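Residue indices begin at 1 and follow the sequence shown. Keep in mind the model is a prediction, meaning the values are calculated, not measured. For the numbers below, each heavy atom of this structure counts, side chains included, while hydrogens, waters and symmetry mates do not.
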Amino acid sequence: MLRPASKLLIKFLTLMQKHGYIGEFEIIDDHRSNKIVVELLGRINKCGVISPRFDIKLDSMEKWTTQILPSRQFGHLVLTTTFGVMTHDDCRKKHTGGKIVGFFF
């Protein structure tokens, strides 16, 4: 159970769900800040937030992935860009940088 729920947290969870790290999640309205119940699949090794949200340019993306992720084969950095919240692989495809939010592997 996660609290408080925010739009960024929901988009982060949607990315994790898209890549198969978590199952379904449900937003429970408790008339305050809402709660999120997540179905875990047992695939997450580590999930974290990077604070402060550092700016990452496209040419320094490789440096950040080697510092944070354990391997090049798996794991994802989550960035918020002008195109929305996306992983570092999607940022490379769209040729854009952004602010780092967190990671999961």
Side-chain angles (χ1 to χ4, degrees):
M1 184 172 306
L2 304 171
R3 276 201 59 242
S6 66
K7 291 179 187 176
L8 183 63
L9 181 63
I10 292 169
K11 290 180 182 177
F12 195 97
L13 290 172
T14 305
L15 278 176
M16 291 175 73
Q17 186 179 34
K18 183 177 115 181
H19 291 285
Y21 283 86
I22 62 171
E24 298 292 321
F25 62 91
E26 178 185 0
I27 302 165
I28 299 170
D29 183 21
D30 62 351
H31 300 293
R32 287 188 220 148
S33 60
N34 297 342
K35 296 175 185 172
I36 301 176
V37 178
V38 180
E39 177 193 347
L40 298 175
L41 300 177
R43 193 164 167 227
I44 295 177
N45 293 323
K46 190 169 186 179
C47 176
V49 173
I50 308 285
S51 182
R53 295 182 182 162
F54 293 107
D55 290 329
I56 296 182
K57 294 182 181 175
L58 190 63
D59 55 350
S60 67
M61 189 105 44
E62 188 65 31
K63 180 188 82 155
W64 280 92
T65 55
T66 55
Q67 283 180 351
I68 297 172
L69 299 178
S71 173
R72 295 182 74 168
Q73 281 86 22
F74 69 98
H76 300 280
L77 294 179
V78 178
L79 288 91
T80 177
T81 65
T82 54
F83 297 108
V85 178
M86 58 182 68
T87 62
H88 68 282
D89 294 327
D90 296 335
C91 287
R92 282 194 188 118
K93 289 176 187 168
K94 291 201 176 191
H95 202 71
T96 185
K99 290 185 179 285
I100 187 164
V101 175
F103 63 92
F104 58 92
F105 55 86

Would L15 and L8 show up in the same hydrophobic cluster when neighbours are defined by side-chain heavy atoms closer than 4.5 Å?
-> yes

Provide the closest heavy-atom pair for G20 versus R43 in the form atom of the first, atom of the second, distance.
-> O-NH1, 3.4 Å

Tell me which donor-acceptor pairs under 3.5 Å the side chains of residues 75-86 have, and how far apart each pair is, sequence neighbours excluded?
unit_1: T81; atom_1: OG1; unit_2: F83; atom_2: N; d: 3.1
unit_1: T81; atom_1: OG1; unit_2: G84; atom_2: N; d: 3.3
unit_1: T81; atom_1: OG1; unit_2: G84; atom_2: O; d: 2.8

Reported OH-to-SG distance for the pair Y21 and C47, which is rounded to 0.5 angstrom | 10.5 Å

Can you tell me which residue pairs pass the salt bridge (Lys or Arg N to Asp or Glu O under 4.0 Å) test with a partner in residues 15-26, sequence neighbours excluded?
-> K18-D90

What distance separates D89 CG from M61 CE, expressed to the nearest 0.5 Å?
-> 9.0 Å

Is a side-chain donor or acceptor of S6 paired with a backbone partner of L9 at a separation under 3.5 angstrom?
-> yes

Distance (rounded to the nearest 0.5 Å) between L13 CG and I27 CD1 | 8.5 Å

Roughly how far apart are K94 NZ and L58 CG, rounded to 0.5 Å?
-> 13.5 Å

Backbone N/O of F25 and side chain of E39: donor-acceptor pair under 3.5 Å | no

Apply side chain to side chain contact (heavy atoms under 4.5 Å, CB included) to W64 and H88, showing your working.
-> CA-CA 10 Å; W64 280 92; H88 68 282; over 6 Å; no

In terms of hydrophobic clustering (I, L, V, M, F, W, Y; side-chain heavy atoms under 4.5 Å; direct or indirect links), are L41 and M16 co-clustered?
-> no

Can any side-chain N or O of S60 pair as donor or acceptor with the backbone N or O of I56 at less than 3.5 Å?
-> no

Closest heavy-atom pair and its distance - G23, Q17 | O-NE2, 3.1 Å

Interatomic spacing from NZ in K63 to CD1 in I68 - rounded to 0.5 Å = 9.5 Å

So CZ of F104 and CG of N45: to nearest 0.5 Å the spacing works out to 12.0 Å

Verify same cluster id: V38, V49 (apolar side-chain graph, 4.5 Å) = no

Are H31 and D29 side-chain neighbours, meaning at least one heavy-atom pair lies under 4.5 Å?
-> yes

Hydrophobic cluster of V37, others only, ordered by chain and residue number, side-chain cut-off 4.5 Å = M1, I28

